[in-house]
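As a basis for the values below, the full set of heavy atoms in this structure was taken, side chains included, without hydrogen atoms, waters or symmetry mates. Computed from a predicted model, the values in this text were never measured in an experiment.
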Amino acid sequence: QVQLVESGGGLVQAGGSLRLSCAASGRTFTSFVMGWFRQAPGKEREFVAAVGTSGYITKYGDSVKGRFTISRDNAKTSVYLQMNSLKPEDTAVYYCAAAAGLRFPPGEWNYWGQGTQVTVSS
């Protein structure tokens, strides 16, 4: 089992920045690909970003490319999402996820956090 706990969400004005964190515990952190997803009210869950086990490989959803950066610190068993130039349409609950194995991007995600709310005001 892997437990994921997100933090760092909040209310920010358009154009501002936020940094989300996800602390992982349980099984070996370095054996998991880590990712971020988001879900806005009335919309389907959307892929935001993923980072490979070593931190060198990343992938982003089209809507956040050039604005968001995913990173991980294996020593701290944590993954981060730096969000810049935020837009009202970035408003959503953001979820941290973990996928076992080395496939990138993963075919399925095995563990999910509870989510953290991000609200961007115009």
Side-chain angles (χ1 to χ4, degrees):
Q1 281 283 34
V2 173
Q3 293 76 42
L4 303 173
V5 179
E6 303 97 334
S7 62
L11 174 64
V12 64
Q13 288 189 333
S17 298
L18 277 177
R19 187 190 192 216
L20 303 183
S21 299
C22 173
S25 60
R27 293 176 58 186
T28 305
F29 182 70
T30 53
S31 65
F32 289 91
V33 173
M34 300 300 296
W36 288 96
F37 290 76
R38 67 187 182 186
Q39 188 165 21
K43 295 188 177 181
E44 293 186 354
R45 186 172 58 198
E46 176 187 13
F47 169 76
V48 175
V51 60
T53 56
S54 64
Y56 293 115
I57 301 174
T58 58
K59 182 178 177 64
Y60 295 92
D62 289 342
S63 61
V64 306
K65 283 180 181 177
R67 299 188 298 123
F68 291 10
T69 302
I70 189 171
S71 62
R72 65 189 293 163
D73 185 333
N74 287 341
K76 296 182 178 180
T77 65
S78 294
V79 62
Y80 308 99
L81 185 69
Q82 179 66 42
M83 306 185 294
N84 298 329
S85 302
L86 283 162
K87 305 174 182 180
E89 51 264 44
D90 294 318
T91 296
V93 177
Y94 284 71
Y95 297 92
C96 177
L102 301 178
R103 180 180 175 184
F104 192 87
E108 63 175 345
W109 296 84
N110 308 107
Y111 301 99
W112 296 86
Q114 293 298 309
T116 185
Q117 176 70 46
V118 171
T119 303
V120 184
S121 63
S122 57

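- In this structure, Phe47 and Trp109 have tilted ring planes: the angle between them lies in the 30° to 60° band.
- Arg103 places no side-chain N or O within 3.5 Å of a backbone atom of Ala99 that could act as its donor or acceptor partner.
- The minimum heavy-atom distance linking Thr53 with Gly101 is given by the pair CG2-O, 4.2 Å.
- Taking both residues in full, the closest heavy atoms of Leu20 and Gly9 are given as CD2-N, 3.6 Å, listed atom of the first, atom of the second, then distance.
- With rounding to the nearest 0.5 Å, the separation of OG1 in Thr69 from OH in Tyr80 is 14.5 Å.
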*Steps toward side chain to side chain contact (heavy atoms under 4.5 Å, CB included) verdict (Ser71, Gln82)*: CA-CA 8 Å; Ser71 62; Gln82 179 66 42; over 6 Å; no
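- Between Ala98 and Phe32, the closest heavy-atom pair is CB-CD2, 3.9 Å.
- Side-chain contact between Met83 and Val118: present, with at least one pair of heavy atoms (C-beta onward) separated by less than 4.5 Å.
- The minimum heavy-atom distance linking Trp36 with Leu81 is given by the pair NE1-CB, 3.6 Å.
- For Arg72 and Phe29, the positive end sits near the middle of the six-membered ring, less than 6.0 Å away and at most 45° from its axis.
- Using a 4.5 Å heavy-atom cutoff, the side chains of Met34 and Leu4 are in contact.
- Here Glu6 contributes atom CD and Cys22 contributes atom SG; the two are 5.5 Å apart, rounded to the nearest 0.5 Å.
- Side chains of Ser78 and Ser21 form no contact here, defined as non-hydrogen atoms less than 4.5 Å apart.
- Minimum interatomic distance between Val2 and Ala24 (heavy atoms only, all atoms of both residues): CG1-CB, 4.5 Å.
- Within the structure, salt bridge (Lys or Arg N to Asp or Glu O under 4.0 Å) contacts touching residues 42-58 (residues at least two apart or in different chains) are Arg38-Glu46.
- No side-chain donor from either of Thr30 and Asn74 sits under 3.5 Å from a side-chain acceptor of the other.
- Using a 4.5 Å cut-off on side-chain heavy atoms (C-beta onward), Leu86 and Leu18 make contact.
- Using a cut-off of 4.0 Å between Lys/Arg side-chain N and Asp/Glu carboxylate O, Lys87 and Asp90 are scored as not salt-bridged.
- Remark: the backbone N or O of Gln1 is not paired with any side-chain donor or acceptor of Asn110 at under 3.5 angstrom.
- Ring geometry, Phe68 versus Tyr94: the interplanar angle falls from 30° to 60°, so the pair is classed tilted.
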